[in-house]
Amino acid sequence: MAVLKLYTYPDDILTKKCEKVTEVTQDIRTLLDDMLETMYKDKGVGLAAPQIGVLKRLIVIDDKVTEDGIPGPHPLFLINPEIIEKSAETIVFNEGCLSVPGQCANVERHARITLKYQDKDGIEQILKAEGYLAVIIQHETDHLDGILYIDRISRLKRNMIIKKLKKQGDC
Ligand code: NI
């Protein structure tokens with residue numbers, strides 16, 4: 001496995017829409033493993049392919065990762081994820097992003113979702129998620145459409161974060 005280069009705001013690649021993966025090859029599986037290693041190294045709970053400069057619909061998630069970056073028991077590898085159901089009820093979480101380093105903000109998301117995706121064997125799976133995991137999935141699937149969490153907050157808060165990013169402040 002290898003640690004990959006992370007792309008951060010305002011890199012243009014983070015604003016692009018990703019393409020579907022047509023075949024789950026060994027190269028794709030290796031890329032997912034490298035994404036997971038990169039995510040753990042930077043103590044993230046999720047990482048989408050555009051964040052490592054690849055415009056494909058790939059995500060890795062570990063909602064059980066500890067603050068020390070110790071991996072949880074069941075990392076998720078999501079290929080071509082698609083949210084097929086969303087609850088009307090919403091929740092607000094304080095979100096951060098490895099591509100928006102050192103910053104965070106409250107973002108409103110659907111409280112429960114149903115996700116369709118392919119696993120590492122290319123087999124279609126259905127996952128129902130709520131709470132923290134549902135938030136991570138929505139944050140990461142947004143990345144595949146070129147959307148960052150700072151695109152989902154008020155312009156005022158967004159501008160504050162961008163200003164702080166330039167000074168590299170902490171949350
Ligand atoms: Ni992110």
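Whatever order the structure lists them in is the order used to number ligands and atoms, beginning at 1. Just so it is clear, the structure is predicted and the values come from calculations on it, not from any experiment.
- The tally of protein N/O/S atoms under 2.8 Å from the Ni ion (ligand 1) stands at 3.
- The environment of CD in Glu19 is sparse: at most 12 heavy-atom neighbours from other residues, nucleotides or ligands sit within 6.0 Å.
- With sequence neighbours left out, Thr15 forms a side chain to side chain donor-acceptor pair (under 3.5 Å) with Asp12.
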Is there a salt bridge (charged side-chain N to carboxylate O under 4.0 Å, His left out) between Lys128 and Glu85? Walk through the geometry before answering.
CA-CA 9 Å; Lys128 285 184 184 291; Glu85 279 173 16; 3.8 Å; yes
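- Here CG of Asp62 is found 10.0 Å from CG of Leu133. Values are rounded to the nearest 0.5 Å.
- Between Pro75 and Tyr40, some side-chain heavy-atom pair lies under the 4.5 Å cut-off.
- Between Thr90 and the choices Glu108, Arg112, Arg109, His110, the side-chain hydrogen bond (donor to acceptor under 3.5 Å, both in side chains) rule is met once, by Glu108.
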